[in-house]
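Working notes, structure below.
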2 protein chains.
Amino acid sequence: MDLDLRKLRYFVAVAEHRHFGRAAEHLFIAQPVLSRQIRAFERELGCALLTRTTRSVELTAAGRQLHEEARRVLTTVDAAVRRVHEADRGVARLAVAFAPGLHVSEAVRAFADAHPGVEIDLIPLRWYDQHSPLHDGRAHVGFLRRPFDDTGLRTIPVGHEPRAAILPAAHPLAGRPSLLSADLEGEKLLDAQQRRAASIEEKLELIAAGYGIGVGPLSAARAYSRPDLALVPVTDAEPYETCLAAPEDNRDERVRDFLTIATKVLRG
Amino acid sequence: MDLDLRKLRYFVAVAEHRHFGRAAEHLFIAQPVLSRQIRAFERELGCALLTRTTRSVELTAAGRQLHEEARRVLTTVDAAVRRVHEADRGVARLAVAFAPGLHVSEAVRAFADAHPGVEIDLIPLRWYDQHSPLHDGRAHVGFLRRPFDDTGLRTIPVGHEPRAAILPAAHPLAGRPSLLSADLEGEKLLDAQQRRAASIEEKLELIAAGYGIGVGPLSAARAYSRPDLALVPVTDAEPYETCLAAPEDNRDERVRDFLTIATKVLRG
DNA sequence: CGCGATTGATACCCTCGGGGTATGGACCTC
DNA sequence: GAGGTCCATACCCCGAGGGTATCAATCGCG
């Protein structure tokens, strides 16, 4: 059931040489061993990867896919090992996630100045996936916009952001500098939460095509803006609250320091 | 040298149970085997992962890092295997990369309508990393903005995009609806290519802080826009050329069809 | 303080899988 | 059809992974 990385490297060699003999030579093993390992690999995966004749070796569809995946897998693994060694040598690391449209660079820079030894990973979040990277450990700390699932998270509110209507450029209200909620009465609102599978791009397409209008945080909407859409702030709508978040059981010094520094920077 | 995924899963079990006996039970192996495997793993990696006493098991810094990396590695591997199986069952896949600010959703939707069985992966590109995903196979096709390294790529020009000056909001030219190159005489230009390591966010910080101005494609600059920056089109500057690109040796039907459909959509 | 319980480490054995060499069998070239 | 090329098969060996039995260290408790 477990993918074997050695066999994966073997497969990559064969896929790239399209020749068992030369691939084996390149891997410093004997050719029959390679043949056997590749067969075993195909058996483990449950599908054929290569079509072999005595005169040629070609990739099947699954083989081509695996060849592409291999690159991703092997670079991921190598990066993982490298980061573990760094951690062992004392290099600290902090993964900061941020929602689209929110800017963390100033806070990150302030933190980096105070902690020159800490490597920062910036993780841009998607519209509908604000909480999972914090919950599953991909990020140590996040800069998010409510609402999101904050169970198990410690959150620190740092600001507010106005709502904006997202309209087709040809919409009668598109030219207005600002709107009131009442102006949007009777408009068809495409609910952001309606279909989580749908991408934000798709929703914007629908708006541009005239199927309805959207409402969202101004900065985030601007990050995805396009010439055929207009953004108009809705002045009397409840603003979005932005906040810093981290797992609440986290007593990591880096995280604590980042939260205090970022809170100062983002509120100031 | 090769990370062993079996040992990695073993390690994850111990890291999460903080207990060899229960972890072993959970893995359906005997406890002494687990102890030995973890020791071997530490020896292979060349660093300690756990601090054990007879009464407790704790993670070292390297161990905590590996625990985080493990999630990434294992999900990457599982996704890879799943996609290979899909490919084997005949599910085709097309990875479409696009530069920041360029919109592919319309073309992707047109292609998806014509090829309902093809799964589309959208790969957003970074400012300074436009070519590598096409060259290393992470993407089958790309929607890019010149200049980029097109060696080995077949490219199809599909449009042009005006240059825009990126100015601090307080800059005297910030209020103008458009500019001529001559207006920017004497301004300090922060060259986009100067430091590839520097993130675009950092460059925008520098501009906002008044260290100089930038010039970039209008749509891309807008995608990163912020309240303290102004974007003003430079009307007489050479526009950026946008084009579709794919490895030139690629005779894949999906890629060919995507290129023809996308060319039609993007030019129309 | 001494005894049992708990828990990770060690010792020792067995099996299986990855590595090797020798060789077969298919297919192309001439 | 003879020879060369190339992948597959047959067979052997050794080391790594798995198991059981047991030790050693620590904690709890009377």
Side-chain angles (χ1 to χ4, degrees), chain A residues 1-60 62-64 66-67 70 73-74 77 81, chain B residues 1-60 62-64 66-67 70 73-74 77 81:
Chain A
M1 161 236 169
D2 244 353
L3 188 73
D4 184 340
L5 292 187
R6 188 192 319 112
K7 291 198 179 79
L8 184 60
R9 291 192 200 271
Y10 287 181
F11 168 75
V12 169
V14 176
E16 281 170 2
H17 287 95
R18 280 177 163 63
H19 191 290
F20 278 75
R22 279 191 284 280
E25 190 177 350
H26 198 257
L27 292 166
F28 303 106
I29 61 172
Q31 169 265 317
V33 176
L34 186 56
S35 289
R36 204 187 334 143
Q37 292 294 326
I38 297 292
R39 281 218 171 280
F41 198 27
E42 289 178 310
R43 194 152 29 77
E44 285 167 22
L45 282 172
C47 59
L49 300 172
L50 303 168
T51 54
R52 322 138 159 83
T53 69
T54 52
R55 307 304 293 174
S56 75
V57 175
E58 292 299 324
L59 296 177
T60 64
R64 278 192 299 275
L66 185 61
H67 190 199
V73 168
L74 295 175
V77 166
V81 172
Chain B
M1 163 238 165
D2 243 355
L3 188 73
D4 184 340
L5 292 187
R6 189 192 317 112
K7 291 197 179 78
L8 184 61
R9 289 193 201 271
Y10 287 1
F11 168 76
V12 169
V14 176
E16 281 171 0
H17 287 94
R18 279 178 164 62
H19 191 290
F20 278 75
R22 278 190 284 280
E25 192 177 348
H26 198 257
L27 293 167
F28 303 104
I29 62 172
Q31 169 266 316
V33 176
L34 186 55
S35 289
R36 200 178 348 131
Q37 292 294 325
I38 298 292
R39 281 217 171 279
F41 197 27
E42 289 178 310
R43 195 153 27 78
E44 286 167 23
L45 282 172
C47 59
L49 300 171
L50 303 167
T51 54
R52 324 137 158 83
T53 70
T54 53
R55 309 303 292 177
S56 75
V57 175
E58 291 300 324
L59 296 176
T60 64
R64 278 192 298 275
L66 184 61
H67 190 200
V73 168
L74 295 176
V77 166
V81 172

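Each chain gets a letter, A, B and so on, in the order its sequence line appears, and its residues count up from 1.
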- Query: Of the nucleotides C:dG8, C:dG19, D:dG17, which one has an atom closest to the side chain of A:Y10?
  - Reply: C:dG19
- Send over the distance from A:R22 CZ to D:dT5 C1', rounded to a whole Å. 10 Å
- Message: Can you tell me if B:K7 touches the phosphate of D:dA16, counting only side-chain N or O atoms and a distance under 4.0 Å to OP1 or OP2?
- Response: no
- Item | From A:L34 atom CG to A:K7 atom NZ, the distance as rounded to the nearest 0.5 Å | 11.5 Å
- Message: I want to verify a distance call: between D:dG19, C:dG19, D:dA10, whose nearest atom is closest to the A:P32 side chain?
- Response: D:dA10
- Task: Take the protein atom CG of B:D4 and the nucleotide atom P of C:dG18, then report the distance between them rounded to whole Å.
- Result: 12 Å
- Item | Separation of atom CG in B:L34 from atom P in D:dG17, rounded to whole Å | 13 Å
- When rounded to whole Å, the CZ to C1' distance for the pair B:F41 and D:dA16 reads 16 Å
- Show your reasoning for whether side chain to side chain contact (heavy atoms under 4.5 Å, CB included) applies to A:F11 and A:L45. CA-CA 12 Å; A:F11 168 75; A:L45 282 172; over 6 Å; no
- Task: For A:H17 and D:dC7, give me the distance from atom NE2 to atom C1', rounded to whole Å.
- Result: 16 Å
- Message: Below the 4.0 Å mark, does D:dA8 have OP1 or OP2 next to a side-chain nitrogen or oxygen of A:S35?
- Response: yes
- On a heavy-atom basis, the closest approach of A:L59 and A:A15 is CD2-CB, 3.8 Å
- Message: Taking the minimum atom-to-atom distance to the side chain of A:Q31, which one of C:dG19, C:dG8, D:dA8 wins?
- Response: D:dA8
- Considering only side-chain heavy atoms of B:A30, which listed nucleotide, C:dA22, C:dG19, D:dT20, is closest? D:dT20
- Keeping the roles fixed (side chain from A:E42, backbone from A:L49), state whether a donor-acceptor pair exists under 3.5 Å. yes
- Query: If you measure from CD on B:E25 to CZ on B:F20, what distance do you get to the nearest 0.5 Å?
  - Reply: 15.0 Å
- Query: Which whole-number value in Å describes the distance from B:R39 CZ to C:dT7 P?
  - Reply: 18 Å
- Message: From the set D:dG18, C:dG8, D:dT20, return the single nucleotide nearest to any side-chain atom of B:H19.
- Response: C:dG8
- Measure the distance from CG on A:L49 to C1' on D:dC7 and round it to the nearest whole Å. 16 Å
- Note on the structure: Taken to the nearest whole Å, CZ/A:R36 to P/D:dC12 is 13 Å
- Nearest nucleotide by nearest heavy atom, which residue falls closer to the 5' end of DNA chain C, A:R6 or A:T53? A:R6
- Query: When the nearest nucleotide of DNA chain C is assigned to A:F28 and to B:G21 on a heavy-atom basis, which residue is associated with the more 5' position?
  - Reply: B:G21
